[in-house]
Student: 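Here it is: the structure, laid out below.
Here the structure is a predicted model, which is why all the values come from computation and not from measurement. Side-chain atoms are counted along with the backbone in the values below, which use heavy atoms only and exclude waters and symmetry mates.
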Amino acid sequence: MMIDESQALPAPVAAGVYNLYTGVELGDEAGAAVPTAAALGLEPPRFCAACGRRMIVQVRPTGWWAKCSRHGAVDSIDLDARR
């Protein structure tokens, strides 16, 4: 079965090695913790899932965008269109 690349999540928010909200490795006990606001969907990702680097994040009334210096940018509007 082929995976459609257009349906794959961008690297900064895809299932990666690092927690999107803390930047800690997921294998670490602290990496499993998710802040309450993030669990409720009120917090945008702050760290890249692929490399753990802090991302540039802009929050706006209609959503947010985040940019990793290594893996590019992702916009919440694009993610909503994939649902």
Side-chain angles (χ1 to χ4, degrees):
M1 184 168 109
M2 293 288 293
I3 296 175
D4 183 8
E5 290 295 322
S6 66
Q7 296 298 323
L9 290 173
V13 294
V17 181
Y18 298 93
N19 185 310
L20 294 171
Y21 305 103
T22 63
V24 178
E25 284 191 62
L26 293 176
D28 188 2
E29 187 175 309
V34 176
T36 304
L40 294 172
L42 302 173
E43 185 73 21
R46 302 289 180 176
F47 294 87
C48 179
C51 64
R53 294 177 190 271
R54 189 118 166 97
M55 294 192 290
I56 299 169
V57 179
Q58 175 70 52
V59 178
R60 56 182 188 267
T62 59
W64 52 264
W65 63 262
K67 181 179 177 185
C68 173
S69 62
R70 301 289 190 264
H71 297 100
V74 62
D75 194 307
S76 63
I77 293 173
D78 296 337
L79 296 178
D80 289 339
R82 293 172 191 258
R83 290 185 187 177

Student: Just wondering, do Arg70 and Cys48 contact through their side chains at under 4.5 Å, heavy atoms?
Tutor: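 A side-chain contact under 4.5 Å is absent here.
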
Student: I need the minimum non-hydrogen distance between Pro44 and Leu42, along with the two atoms involved.
Tutor: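 Heavy atoms only, the tightest pair is CD-O, 4.1 Å.
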
Student: Please name the pair of heavy atoms, one in Met55 and one in Pro45, separated by the smallest distance, quoted to 0.1 Å.
Tutor: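 The answer is CE-O, 3.9 Å.
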
Student: Is there a side-chain contact between Trp65 and Ile56, using heavy atoms and a 4.5 Å cut-off?
Tutor: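 Side chain of Trp65 against side chain of Ile56, heavy atoms only: contact under 4.5 Å found.
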
Student: Give the other cluster members for Phe47, using side-chain heavy-atom distances under 4.5 Å between Ile, Leu, Val, Met, Phe, Trp and Tyr residues; answer none if it is isolated.
Tutor: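 Members alongside Phe47: none; it stands by itself.
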
Student: Quick one, His71 and Cys51 - any side-chain contact, counting heavy atoms below 4.5 Å?
Tutor: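 The answer is yes, as the side chains (C-beta and beyond) meet within the 4.5 Å cut-off.
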
Student: Do Ile77 and Trp64 pass the side-chain contact (heavy atoms from CB on, under 4.5 Å) test, and can you show the C-alpha distance, the side-chain angles, and the key distance before you say yes or no?
Tutor: CA-CA 8 Å; Ile77 293 173; Trp64 52 264; over 6 Å; no

Student: On a heavy-atom basis, which atom in Leu20 and which in Val13 lie closest, and how many Å separate them?
Tutor: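 That closest heavy-atom pairing would be CD2-CA, 3.9 Å.
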
Student: Would you say the side chain of Glu43 lies within less than 4.5 Å of the side chain of Pro35, judging by non-hydrogen atoms?
Tutor: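 Answer no - side chains too far apart.
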
Student: How long is the gap from OH on Tyr21 to OG1 on Thr36, to the nearest 0.5 Å?
Tutor: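 Spacing of OH (Tyr21) from OG1 (Thr36) equals 12.5 Å.
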
Student: Would you say that Val17 contacts Leu26 through its side chain, given a criterion of any heavy-atom pair below 4.5 Å between the two side chains?
Tutor: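 No, every pair of side-chain atoms sits at 4.5 Å or beyond.
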
Student: Apply the test salt bridge (charged side-chain N to carboxylate O under 4.0 Å, His left out) to residues Asp75 and Arg60: give CA-CA distance (whole Å), side-chain angles for both, the deciding distance (0.1 Å), then the verdict.
Tutor: CA-CA 11 Å; Asp75 194 307; Arg60 56 182 188 267; 2.6 Å; yes

